[in-house]
2 protein chains.
Amino acid sequence: MVRGVRSPGSAERRPPTITDVAARAGVSKGAVSFALNGSAGVSEETRAKIVAAAEEIGFRPNRAARSLSRARTEVIGLVLNRPMRTLGVEPFFGQLSAGISTELAANGHSLQTFTVHSVADELEVYRRWWHEQRVDALVIMDPVPRDRRISLVREVGMPAVVIGAPSVAGRLSHVWADDAHGMQQCLEHLVSLGHRRIGHVGGTPSYAHTRRRTAVLTDALDAGRFASLATVTTDFSDTAAAEATRELLDLPVGDRVTGIIYDSDVMALAGMRALQEAGVSAPEQVSVLSFDDSLLTRLTHPPLTALSRDTFDFGVLVGRAVIATLADPEHVVSVEAAQPTLVVRDSTGPAPRRGVARRSAHRRSGAQETP
Amino acid sequence: MVRGVRSPGSAERRPPTITDVAARAGVSKGAVSFALNGSAGVSEETRAKIVAAAEEIGFRPNRAARSLSRARTEVIGLVLNRPMRTLGVEPFFGQLSAGISTELAANGHSLQTFTVHSVADELEVYRRWWHEQRVDALVIMDPVPRDRRISLVREVGMPAVVIGAPSVAGRLSHVWADDAHGMQQCLEHLVSLGHRRIGHVGGTPSYAHTRRRTAVLTDALDAGRFASLATVTTDFSDTAAAEATRELLDLPVGDRVTGIIYDSDVMALAGMRALQEAGVSAPEQVSVLSFDDSLLTRLTHPPLTALSRDTFDFGVLVGRAVIATLADPEHVVSVEAAQPTLVVRDSTGPAPRRGVARRSAHRRSGAQETP
DNA sequence: AAGGTCGACTAAACCGATATAGTGCAGAAA
DNA sequence: TTTCTGCACTATATCGGTTTAGTCGACCTT
């Protein structure tokens, strides 16, 4: 018996299919497909009719069906290989992936991310994704020389974009920032403030970009731009950075550094804390400089001088490179991001006249010295 | 002309399909499907033969094809609605999503995330994902009372898991942490140290968990557990937190707080910096407590006392709830996570004898007072 | 008027899986 | 011996799209 109440089951249980649209518009499935994809084969009149019908019932093509027949998923994969502990603290990654997926979304694609803790796992994920045809392309981060991931990708013919310099991209499309130039700026800043003994807390030594950064410093040292260099590499973790900082503070007096460059913001933060605990003040006794900028660098006291690059924008460039590579897999896209700029805040200042005495009580704030 | 060199095109161009496996094992497609999915219909002998053939050619079922015929994608969606600026700095989200996707991966599912900047966008993403059948289920964060997302999800009948208390989950499956209990601990800690005037820098006021936390404090105030409470709500941003901190410092002397509870670690960091800039030292003049623990709380000086919950594990619970909900959509799963524990570090200490003078020069470090 | 071309559309094949209906064949029951 | 039951397997329909091969009528040509 029909009642005067609204049907309780009025909710749309199953999303409408192309067949529903076809029925509603009184045409065939094929016509709907042509109309909605802008292909030839339907008159403008019926196209409008079909579009209207589709909108009325809220039709959206089923991804699986579309992927199956088109043999592309419009999904791009990105694997993050990071130690568990640091996970999610690196602002870099959040910004980057937001930038990538924003650009991809604008082109009807989406980003699939996955976190692993070893290279072997990462390779396995790549293989699985490829065999399952889960992604159309990959974004490869932190390349190393003779990277196994790059070999794999080339072997199976997967489209990919490498975040790294041309030299390590292995003839794959790539997007990179000129780390050398950035490091130059950091160095110039310290040198112009009179610093002659410089410390560098680097990242993972195998990473190509870590090597590039270090090379800039050693080259400048060789060229006599400053007196001494102490480089310590780490695994990008906070604990390693703190330990590295303590090592730098423990150097013999003659080599004691007056300025430290950290390869990431998290490491710079950890370093700042290690300095404070050792009773060393920044920038009075040691100047601190971060190679990455983010909210974090503004949350310390004093706020950190940092090399600022728009990571979100960088992600957008990566997304764009992916789209271009998919459009023409033969063409190797090479994009260099805008030069980073050094944002001078309060953690860097003039070099103190003498070396820093560890755990010293006497502050010599604002000491001036001509370079 | 055939040369004696290895074929350059030896790379596997297209992943093998079920048909390839069938051909290799000398059986039909159906038999392969049965064998590989553990269904009845093949003898153990042929099953072994088929499994061997599949492994030999490295067969993995095409996701799109499987999704289409099974009408499930084995993908779970999670939309993050955060302001651009904070993006990627909240360690909470990275840990959470890693936990979720780890648990999902163990069950053959994967997590798809997307970042938006408004509720409207978030709803639109949900609608699109559902209509495109891109995800099997959703994870909904930061519920508010009468949440539009929850209405939508129930309306179209999408399986979902809410991260939030039963009261706001709207009869959907949910995983929650007892914020009330955590806040109790924070409060007890401060009260036991002799603090009588307490400040609270809360998160987004519309969020249900923000309300719960605040309610605990007002209830305790009404019960006479301490003398005065100053609550400021924010949008979880660092700038809002800094501003809120300054407001608390500007209170008239009689109401001036001696302990501040921050609803997130990023806010606590921003607050610490605001205190330092105002010349207020922690914990001597003001004790600082963070409701979230992460690497960040250990990167400040002094390290922050914080309410520690294993966010990765929390994510695992969420993943498990999703799997359970998919297995039986009728059954509402309700999971309460383990109680958080208060990790006492150096940012909290005994309450000073008198109110804090703003920008005061005289430090009264280590002042003792009996509660 | 017969044949040819073109536009607009339909019918049907196809993508690669899963799931159901059907087919032999062996052994058990009548 | 005949019929029935069950097992192991094959053939085929199906998911919801895209795409190719046809179909049909209108208009053009000569």
Side-chain angles (χ1 to χ4, degrees), chain A residues 12-51 53-54 57-75 108 128-134 136, chain B residues 12-51 53-54 57-75 108 128-134 136:
Chain A
E12 16 172 349
R13 276 294 137 191
R14 277 268 157 242
T17 70
I18 199 172
T19 310
D20 300 327
V21 179
R24 188 166 235 270
V27 295
S28 69
K29 282 182 3 172
V32 175
S33 181
F34 294 149
L36 264 32
N37 291 310
S39 330
V42 281
S43 65
E44 273 315 312
E45 194 183 349
T46 40
R47 185 189 302 273
K49 192 172 61 183
I50 290 169
V51 168
I57 63 177
F59 167 77
R60 298 275 196 164
N62 176 309
R63 299 301 300 189
R66 179 183 275 229
S67 297
L68 186 56
S69 52
R70 282 210 183 150
R72 12 171 49 253
T73 61
E74 297 183 330
V75 174
R128 204 181 60 222
W129 278 355
W130 182 241
H131 279 93
E132 294 179 350
Q133 311 244 87
R134 194 191 277 271
D136 288 344
Chain B
E12 17 172 348
R13 275 295 137 191
R14 277 267 158 243
T17 71
I18 199 172
T19 310
D20 299 327
V21 179
R24 188 167 235 270
V27 295
S28 69
K29 283 183 2 173
V32 175
S33 180
F34 294 150
L36 264 32
N37 291 308
S39 330
V42 280
S43 65
E44 275 314 311
E45 194 183 350
T46 40
R47 183 188 302 273
K49 190 172 64 185
I50 290 169
V51 169
I57 63 177
F59 166 76
R60 297 275 196 163
N62 175 307
R63 298 301 301 188
R66 177 184 276 232
S67 297
L68 186 56
S69 53
R70 282 214 185 146
R72 356 161 72 246
T73 60
E74 298 183 329
V75 173
R128 202 181 62 221
W129 278 357
W130 182 241
H131 278 96
E132 294 179 350
Q133 311 245 86
R134 195 191 275 270
D136 289 343

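Just so you know, these numbers use all the heavy atoms, side chains as well, and skip hydrogens, waters and symmetry mates. This one's a predicted model, so the numbers in the text were calculated from it and none came from an experiment. Chain letters run A, B, ... following the sequence lines, proteins first and then strands; every chain starts at 1.
- A:Val27 comes within 4.0 angstrom of the backbone, heavy atoms only, and of no base.
- Of the candidate nucleotides D:dG17, C:dA17, C:dT18, C:dT18 has the atom lying nearest to any side-chain atom of B:Arg70.
- Closest to the side chain of A:Ser33, from the set D:dG17, D:dT18, C:dA17, is D:dT18.
- Side-chain contact between A:Arg66 and A:Arg60 is absent, with no heavy-atom pair separated by less than 4.5 Å.
- Contact annotation: the side chain of A:Pro15 never approaches that of A:Asn62 to less than 4.5 Å [non-hydrogen atoms, C-beta and beyond].
- For the residue pair B:Lys29 and B:Ala22, the shortest heavy atom distance occurs at N-CB, 3.8 Å.
- The distance between atom CG of A:Leu36 and atom P of D:dT19, rounded to the nearest whole Å, is 13 Å.
- Annotation: of the two residues near DNA chain D, B:Gln133 and B:Gly26, the 5′-most nearest-nucleotide partner is B:Gly26.
- The side chain of B:Thr46 contributes an N or O atom lying less than 4.0 Å from OP1 or OP2 of D:dC9.
- Here the OG atom belonging to A:Ser67 is positioned 9.5 Å from the CD atom belonging to A:Gln133, to the nearest 0.5 angstrom.
- For the pair A:Arg66 and D:dT18, the criterion of a side-chain N or O lying under 4.0 Å from OP1 or OP2 is met.
- Distances shown here put every side-chain N or O of B:Ser69 at or beyond 4.0 Å from the OP1 or OP2 atom of C:dA19.
- Across the protein-nucleic acid pair, A:Arg47 atom CZ and C:dG7 atom P stand 14 Å apart, rounded to whole Å.
- Atom CG of B:Leu68 and atom C1' of D:dT18 are 12 Å apart (whole Å).
- Under 3.5 Å, the side chain of A:Lys29 and the base of C:dA11 form no donor-acceptor pair of N or O atoms.
- Within the 4.5 Å cutoff, no side-chain heavy atoms of B:Ile50 are placed close to those of B:Arg47.
- Contact between the side-chain N/O atoms of B:Asn37 and the OP1/OP2 oxygens of C:dT18 is found at a separation under 4.0 Å.
- Each of B:Phe59 and B:Phe34 was matched to the nucleotide of DNA chain C holding its nearest heavy atom; the match closer to the 5' end belongs to B:Phe59.
- Straight-line distance from the CZ atom of B:Arg72 to the C1' atom of C:dA17: 15 Å, rounded to whole Å.
- Rounded to whole Å, atom P of D:dG17 lies 17 Å from atom CG of B:Asn62.
- When the side-chain nitrogen and oxygen atoms of A:Ser28 are compared with OP1 and OP2 of C:dT10, one or more of them lie within a distance under 4.0 Å.
- Between the CD1 atom of A:Ile50 and the C1' atom of C:dC9 there is a distance of 10 Å, given to the nearest Å.
- Look at CZ on A:Arg134: it is 16 Å from C1' on C:dG16, rounded to the nearest Å.
- Comparing A:Ala65 and A:Ala31 by the nucleotide of DNA chain D whose heavy atom lies nearest to each, the residue mapping closer to the 5' end is A:Ala65.
- For A:Val42, counting side-chain heavy atoms from C-beta on, the closest listed nucleotide (D:dG17, C:dA17, C:dC9) is C:dC9.
- Protein atom CZ of A:Arg63 is 18 Å distant from nucleotide atom C1' of C:dG16, rounded to whole Å.
- Each of A:Glu44 and A:Gly30 was matched to the nucleotide of DNA chain C holding its nearest heavy atom; the match closer to the 5' end belongs to A:Glu44.
- Of the side-chain N and O atoms in B:Ser43, one or more sit less than 4.0 angstrom from OP1 or OP2 of D:dC9.
- For the pair B:Asp136 and B:Val75, the minimum side-chain heavy-atom distance is 4.5 Å or more.
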